[in-house]
Amino acid sequence: MEISSITSHPFDDQKPGTSGLRKKVKVFQGPNYLENFVQSIFDTQADLKGGVMALGGDGRFYNRQAIQIIIRLAAANGVARVIVGQGGILSTPAASCVIRKYKTNGGIILSASHNPGGPDEDFGIKFNTANGGPAPEGVTEAIFERTKTISEYRIVEATDIDLDQLGIQQLGDTSIEVIDPVADYAELMKQLFDFERIHQLFNSGLFQMRFDAMHAVTGPYAKRIIEGILGAEPGTVINGEPKEDFGGGHPDPNLAHAKEIVKLTSGINAIDFAAASDGDGDRNMILGRNFFVTPSDSLAVMAANAHLIKGYKSGISGVARSMPTSQAADRVADALGLECYETPTGWKFFGNLLDARKITLCGEESFGTGSDHVREKDGLWAVLFWLNLLAVRQESVEQIVRDHWRKFGRNFYTRYDYEAVDKAAAEGLMEHLRSRLSALPGSQFGNYTVDYADDFAYTDPVDGSISKNQGIRIGFSGGSRIVYRLSGTGTVGATLRVYLEAYEPDPDKHTLETAKVMQPLVQIATELAEIEARTGRSEPTVIT
Ligand code: G1P
Ligand code: ZN
């Protein structure tokens with residue numbers, strides 16, 4: 001097998017963000033762009049030489065071509081075995097499962113998550129380490145440093161691997177093993193959840209559900225598991241055919257983008273349960289009959305009920321949530337006498353806590369929930385968790401959540417996103433807020449008194465690493481909060497996220513409308529940050 005060394009020049013924009021390197025497809029298609037980044041992974045991850053790596057993606061436009069290029073780079077860099085999902089497909093949680101199950105030396109996942117796909121849309125790549133989780137900052141930094149000095153990459157000249165053919169194909173000394181992308185993941189779900197009970201729920205004739213795969217990667221997973229193994233009626237999985245452009249949609253499971261299931265769960269003919277997952281299958285949205293479960297509440301409910309679920313029946317060791325996620329989970333942890341860790345945004349920060357068994361469950365307000373079963377957030381897992389819980393408790397989604405609020409109080413929650421704003425303006429806004437922080441404690445805004453105001457920094461309790469500038473927190477006495485941060489996943493300009501949380505212990509007020517409860521905080525948040533004056537936006541792009 002001929003190995004070529006191709007001369008290349010560094011790009012200065014290959015710094016991985018919150019979840020890998022994301023750019024427009026056209027950027028990745030440009031000469032040497034993908035090759036440089038992948039070679040930088042091989043140059044810095046010595047274990048891959050002579051080792052095993054997993055490879056797969058969410059099936060978006062350019063997925064197949066990128067997989068072929070990466071396989072040829074892997075062969076040239078001496079990887080002994082590449083385990084690749086059939087058709088180049090692996091959902092992000094399934095990739096994590098495969099890395100762990102086959103004890104690979106890590107893996108490469110191709111995805112831009114919930115960002116739109118297609119020739120003019122987004123593409124992404126990230127490296128996951130041997131624990132199955134997104135590479136920690138030390139590793140992404142090393143890869144980035146390498147991209148700045150790289151001068152050549154190594155690639156074999158070969159015809160394409162048949163990605164649709166299961167089994168082993170040889171590329172020189174490298175074995176390319178094409179595996180069923182669903183089987184290992186389905187097996188893991190079977191161990192965690194009471195499939196018989198969920199099957200009975202489906203068979204009862206009293207329960208109607210839909211799962212919206214949003215034409216993204218979870219289609220085949222949900223069809224096989226929910227309709228196939230668990231026996232839900234055909235048609236339960238909607239938009240189940242994966243498409244390279246996600247059918248032109250925005251594969252983000254939230255109230256703004258997963259409109260179809262919002263409609264199905266609304267009104268007098270509403271079905272009992274609906275859920276959706278994103279482009280690469282790691283996010284989830286949970287809906288009951290006329291009822292939306294905020295991701296922050298979902299995590300808290302899971303923590304409080306984990307002992308009812310097969311895979312967690314001996315209890316959980318602790319919980320973690322990303323900083324902007326509501327503090328609902330903290331209250332459950334408190335009641336259970338467990339630790340609740342507050343981490344920076346991004347799943348990579350949960351890895352050490354999970355590996356050290358300090359936590360069993362973790363989640364983010366951005367529709368991500370997961371557990372120690374893999375090292376990624378997991379959309380379908382969250383759906384199966386809820387289904388198992390509904391089957392055990394024999395109550396509706398709404399009853400379960402309202403009961404939860406009665407016990408723990410309710411954390412009303414809203415996020416405002418200002419997308420594609422001018423980068424300098426967004427950075428100026430954050431800088432201005434930072435300059436005001438020290439003067440804020442004790443100040444009064446309407447009924448709210450500032451308790452603390454800081455720029456969140458995190459010290460990893462396992463390896464002691466420190467991550468600074470992770471978002472601005474303004475906490476009010478009584479437990480309400482405003483959080484500001486700039487997105488690390490966007491590909492155009494800057495996205496300002498404003499997270500608002502209002503704590504309400506009084507059960508009589510739990511039926512109030514979220515928008516109404518949040519109104520005073522919205523006003524404080526927009527005025528304090530001078531959002532309109534600095535960004536020219538009087539309204540956010542998306543409210544979730
Ligand atoms: C967003 C979410 C974050 C999540 C990440 C990857 O990142 O806010 O919670 O981990 O996507 O799915 P952001 O764009 O805010 O940096
Ligand atoms: Zn995702």
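Counting starts at 1 for both ligands and their atoms, following the listed order. Note that the coordinates shown come from a computational prediction; the quantities given were computed from them, not determined experimentally.
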Charged N to carboxylate O under 4.0 angstrom, [X] versus [Y]?
X    : Y    : answer
R283 : D252 : yes
E376 : K126 : yes
D245 : K243 : no
E260 : K263 : no
E419 : R497 : no
E342 : R321 : yes
R210 : D212 : no

Distance under 4.0 Å to a non-hydrogen atom of [X]: what atoms of ligand 1 satisfy this?
X    : answer
T345 : 3 (C), 8 (O), 9 (O)
R497 : 8 (O), 13 (P), 14 (O), 15 (O)
R485 : 8 (O), 13 (P), 15 (O), 16 (O)
G346 : 10 (O)

Which residue and heavy atom of the protein sit nearest [atom], plus the separation:
atom                    : answer
atom 6 (C) of ligand 1  : K377 NZ, 3.6 Å
atom 2 (C) of ligand 1  : S366 OG, 3.5 Å
atom 10 (O) of ligand 1 : E364 OE1, 2.7 Å
atom 14 (O) of ligand 1 : T489 OG1, 2.4 Å

| task | Quick one: look at S487 and ligand 1, take heavy-atom pairs under 4.0 Å, and tell me if it's side chain, backbone, both or neither. | result | both

| From the Zn ion (ligand 2), how many protein N/O/S atoms are found at a distance short of 2.8 Å? | 4

| remark: Closest heavy-atom pair, M214 versus H257, reported as atoms and distance to 0.1 Å, is CE-O, 3.5 Å

| query | Is a side-chain donor-acceptor pair under 3.5 Å present for T369 with S298? | reply | no

| query | Below 4.5 Å, heavy atoms only, C-beta onward: do L384 and L230 meet side chain to side chain? | reply | yes

| task | Please say whether S19 places an N or O atom under 3.5 Å from an N or O atom belonging to ligand 1. | result | no

| query | Purely on distance, is any nitrogen or oxygen of G488 under 3.5 Å from one on ligand 1? | reply | yes

| Name the one of N254, V401, L255 that satisfies side-chain contact (heavy atoms from CB on, under 4.5 Å) with F292? | L255

| field | Proximity winner for atom 1 (C) of ligand 1, if only heavy atoms of R283, K126, H114 are counted | value | R283

| task | Could you walk me through whether Y33 and F11 pass the ring-ring contact (aromatic ring centres under 6.0 Å, His included) test, one step at a time? | result | CA-CA 7 Å; Y33 197 85; F11 295 90; 4.7 Å; yes

| request: Could you tell me whether ligand 1 has any atom less than 4.0 Å away from a heavy atom of S322? | output: no

